[in-house]
Amino acid sequence: GDSVTQTEGLVTVTEGLPVKLNCTYQTTYLTIAFFWYVQYLNEAPQVLLRSSTDNKRTEHQGFHATLHKSSSSFHLQKSSAQLSDSALYYCALSDPGGYKVVFGSGTRLLVSP
Amino acid sequence: ETAVFQTPNYHVTQVGNEVSFNCKQTLGHDTMYWYKQDSKKLLKIMFSYNNKQLIVNETVPRRFSPQSSDKAHLNLRIKSVEPEDSAVYLCASSLQGADNNQAPLFGEGTRLSVL
C-alpha cells in the first residue's frame, strides 16, 4: 500500500537558520496529490502546502517544497526559521480519488532563540 | 475559522461503555473522514465517505462503526470501548474530483479517555 516516511522525529534549529524536513513516499499511483500539514499545540492539523506536479516548487507562508518523483520525495524547507514555526509537521499523500489520505509519522520542529 | 464541527470536545468513559461522536461540515464538501491520532501523534485514517457512501474502511476493530446520514454529517460509534481507544478522533472533509484533490480540512477533534 501507499506509505509516507518522515525519518526525523525531532528537528531542532536556531531562529534565523534554514530548516529542512524530510519526506519520502512509496506509491503505485502515477497521479497523486501531496500535502504538508502543520499542527500547533492543542490545535487541529492544517494544510500548509499542496502539490501534484513533478519538479514544481510550491510556496506558502515562507515554506516551500518541490515534488520529485524521480526520488519519491517532497521535502519541506524554509530559509529562515521563526520561533512561531515550532510545531508538529506531517507529510501526506492522497490516492487519485482523494478518499484516502495517508500521513507520515510527523516531525516535531523546535526553533530556539 | 472552523467549518468542521465536532462534538463533544472531550469524553471520559469506562471500559465497556458505548460512545458516539458527531461531525458536521458546512463547506458543501462531498467527502468526509475519520482519523485517529494516538498518544504518539500518529495520524491514521479509519474511514472515509463520499456523498454518504463508505469508500475507505481501514482495518479497525469491529466495535467501531461510522454512520453518515448525508454528505454533511459523519458520526462514529464505538460499541464497547477499550483502553487502547484513548486518543483524539479527528473528523475532516474535502471536495474531491478528477482534477481537484483538495487537502482535507480538519475539525478540532474529540479527545477520548477510557479509564
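Keep in mind the model is a prediction, meaning the values are calculated, not measured.
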Side chain / backbone / both / neither for A:V101 at chain B, heavy atoms under 4.5 Å:
both

Check whether any side-chain heavy atom of A:P45 lies under 4.5 Å from a side-chain heavy atom of B:Y35, and answer yes or no.
no

Mind listing the closest non-hydrogen atom pair of A:A44 and B:G107 along with its distance?
CB-O, 3.0 Å

Shortest non-hydrogen contact from B:E108 to A:E43?
OE1-CA, 4.4 Å

Rounded to the nearest 0.5 Å, how far apart are NZ of B:K44 and OG of A:S105?
10.5 Å

Connected via hydrophobic side-chain network under 4.5 Å: A:I32 and A:W36
yes

Is there a side-chain contact between B:K41 and A:Y90, using heavy atoms and a 4.5 Å cut-off?
yes

Should we say atom CD of A:Q26 is surrounded by more than 12 heavy atoms from elsewhere, each under 6.0 Å from it?
no

Within 6.0 Å of CD in B:E84, more than 12 heavy atoms from elsewhere
yes

Would A:L83 and A:L109 show up in the same hydrophobic cluster when neighbours are defined by side-chain heavy atoms closer than 4.5 Å?
yes

Supply the atom-to-atom distance B:Y33 OH to A:K100 NZ, rounded to the nearest 0.5 angstrom.
12.5 Å

If hydrophobic clusters are built from ILVMFWY residues whose side chains come within less than 4.5 Å, do B:Y89 and B:V15 share one?
yes

Verify same cluster id: A:L76, A:F74 (apolar side-chain graph, 4.5 Å)
yes

Do you reckon A:F35 sits in the same ILVMFWY cluster as A:L88, going by side-chain contacts under 4.5 Å, direct or chained?
yes

Main chain of B:M32, side chain of A:Y99: is a donor-acceptor contact present, judged purely on distance under 3.5 Å?
no

Under 4.5 Å to a heavy atom of chain A? For B:L43 that would be both

Interchain contact, B:F47 with chain A, by part (heavy-atom threshold 4.5 Å)
neither

Within residues 59-82 of chain B, contacts to chain A at heavy-atom distances under 4.5 Å involve none

